[in-house]
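Since the structure is predicted, the reported quantities are computational estimates derived from the model, not experimental observations. Chain identifiers are assigned alphabetically (A, B, ...) following the order of the sequence lines, protein sequences preceding nucleic acid strands; residue numbering begins at 1 within each chain.
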2 protein chains.
Amino acid sequence: MEKSALSPAFNQGLRQIVYEKLKEAIVLGSIKPGSKLSEIELAEQMAVSRTPVREAIRQLAQTGLVTLTPRRGAYVTMPSLKDASDLYELRTELEILAVENLCSFPPSDELRRYRSVFEIMTDETSTERYVIEDRAFHFMIYQSCTNRFLTMMLNNIADLINLCRPFSVERSAITDFTLGHLAIIDAILTGKTTKAKEETRKHITISKESLLSYLKSRSTEDQEYIK
Amino acid sequence: MEKSALSPAFNQGLRQIVYEKLKEAIVLGSIKPGSKLSEIELAEQMAVSRTPVREAIRQLAQTGLVTLTPRRGAYVTMPSLKDASDLYELRTELEILAVENLCSFPPSDELRRYRSVFEIMTDETSTERYVIEDRAFHFMIYQSCTNRFLTMMLNNIADLINLCRPFSVERSAITDFTLGHLAIIDAILTGKTTKAKEETRKHITISKESLLSYLKSRSTEDQEYIK
DNA sequence: GGGGGGAAATATGCATGGAAAAATCTGCTT
DNA sequence: AAGCAGATTTTTCCATGCATATTTCCCCCC
C-alpha cells in the first residue's frame, strides 16, 4: 500500500510534529507567556507519549520561547522589558546585514509584490492586516539571506519579539512603518545599498521605540491594577 | 544523610553533565568533525542510560555543533567554507556590538590584565599559548555584555568557528592579532568607542581572512591527497 | 483563624522495553 | 567474480515503569 502524503505528517517524526504544534500555539498566543507546559497534559492532548513532548519542549527551550527550571517544569517565557530592548538591539544589526545581503541578489518580484501591498495601505487599514503583512515582509527578507545562520537567528529573534507584543500596534504608527517599508524596498530595487541599510536601521529603531513605550505604559497600568 | 557537595555534580542533572562532557570533547577536538555520536556507545562510556545522552545530543544539535539526520543518527558538524565565512560575517557585527556595550561599563581590571598578557607576546610565543589567551580574551568580552542574548550568540558562534579551525594559527599572524587586541583594549580603556569598534572590525576581518585562506589551502591539499 | 509541619499526590528525570527503519551481511544468480 | 535480493542485526525513536524531588493538602498547634 502506498503511503499517503497526508499520512502522519510525512513521517517527519512525532517530536517534530509536537514541536511545530507547540511553537505555533506559543507564537500565535493561544498558550500565553507564563503558562506551565505540563508534559503529561500535553502528551494526553496530542495523544502521544511523554517522550516526544519532552524533547519538543527542550528544543523550544533552546530557542528561548520556553524557560526551564530544573525539577519544576517548563514555562512559556515572559520576556522582560530589557529583554525586548536587547532583542531589538540584535535585530537591528542583523536585519541590516540581511538587507545588505539582499542587495546583491534582490528578489525583485517578491519586493515589487510587497511594494504594491504597502502602497495601498492607509490609516484606514486594519491593524490585523498590517501586522500580517509586516511579518510576512520581514520573514521574506530573512528567508532570502544566503547566510543560513543569519536566517536562523533572525527568525528566532522575531519569534521572541513576538512574545513581547500582544499583537497590538498603534494605529498612528502604521503610516510611519508602511513608509519605512516602501523606502527600504525602493532602495533595494534601485541598488542603493547604503540607503537601504540606513532606512532599515531607521525602521527598526522606530519599531523598537513603539514597542517599548507601549510595554512601559502597559506595565504601569498593570501595577495600578495590582494595587 | 547530608548530601556531599562533590556528589553527582551538585545535582545539576545527568543531562547537563553529559552535555558539558560532550561539548568539551567536541570543542577541544577529541571527538573530530564528521564522527558519529552513537547513543548506546556514549551511554556505556559514561555509565548512564540512553535518555540523558539522547537529550544532550539534541541540545548540541540546536547549537549547531552536531548535525542530526532523522533515523540515521547524530554527527559532529563539519562546517563548510561558506559556513566559516558566514559565521565570521555574523561574528563581526555582533562582536562590534559587544565592544560597544563594553565601552559603557568597561571591566577595567580585566582589560588591564589582558593588556599586560598581550604586551609581552612576541613571535617567539608558542601558538598554543596564544590561542588560549586569544580565546579567553574574546570570551571575557562576551561574558561582559549586559545583553544576555548577545552573550549566548557570540559564545555559540565562537564554538562553531572553533570547529572549523584545527587549532592552528600561522606564526606570522600572531603579532598582527596581538597588536589588534592591544588597540582594542586601549581604545576601550580611554573611552574611544568609535575607535574601539573600528579596531574590532579590523581585527576580526583579519582573523577571518587568515582562517579562510588556511582552510582553502587545506582543502586543495586534501583533494591532492585523495587523488 | 492563621501558620507550620508532615504525609499523600503529582510531576520531572532517568532507565529500559519494544517497534520500525536503516545498515550490514549472506547467499544466490548471472 | 560481481551484483542483487532477502534476512539479520543494529540503531534510532517512541512508550512506559520506577525513583526522587516538589507541590499540595490536611491536620495539628499556637
[X] [atom1] to [N] [atom2]: how many Å, rounded?
X: A/Ile40; N: D/dT23; atom1: CD1; atom2: C1'; value: 13 Å
X: B/Glu44; N: D/dT11; atom1: CD; atom2: C1'; value: 13 Å
X: B/Leu42; N: D/dT12; atom1: CG; atom2: C1'; value: 14 Å
X: B/Arg50; N: D/dT16; atom1: CZ; atom2: P; value: 16 Å
X: A/Leu14; N: D/dA15; atom1: CG; atom2: C1'; value: 10 Å
X: A/Arg71; N: D/dT22; atom1: CZ; atom2: P; value: 7 Å
X: B/Arg54; N: D/dT12; atom1: CZ; atom2: P; value: 8 Å
X: A/Ile57; N: D/dC14; atom1: CD1; atom2: P; value: 15 Å

Quiz item: Within the pair A/Arg72 and D/dA21, is there a side-chain N or O less than 4.0 Å away from OP1 or OP2?
Solution: no
Exercise. Test side-chain hydrogen bond (donor to acceptor under 3.5 Å, both in side chains) on A/Tyr88 and A/Ser207 and set out the steps.
Key: CA-CA 9 Å; A/Tyr88 260 105; A/Ser207 175; 2.9 Å; yes
Please determine, for the side chain of [X], which listed nucleotide ([options]) has the closest atom?
X: B/Thr51; options: C/dG13, D/dA15, C/dT16; answer: C/dT16
X: A/Lys36; options: C/dT12, D/dC14, D/dT12; answer: C/dT12
X: A/Ser49; options: C/dG13, D/dA15, C/dA15; answer: D/dA15

Quiz item: Can you find a donor-acceptor pair, distance only, under 3.5 Å between A/Arg58 side chain and C/dG13 base?
Solution: no
Practice problem: Over all heavy atoms of both residues, which pair between A/Leu68 and A/Ala74 is shortest? Give the atoms and the distance, please. | Solution: CD2-CB, 3.5 Å
Practice problem: Locate the shortest heavy-atom distance separating A/Gly29 from A/Lys32; write the atom from each residue and the value. | Solution: O-NZ, 3.4 Å
Quiz item: Does one side chain, of A/Gln16 or A/Glu20, offer a donor that lies under 3.5 Å from an acceptor on the other?
Solution: yes
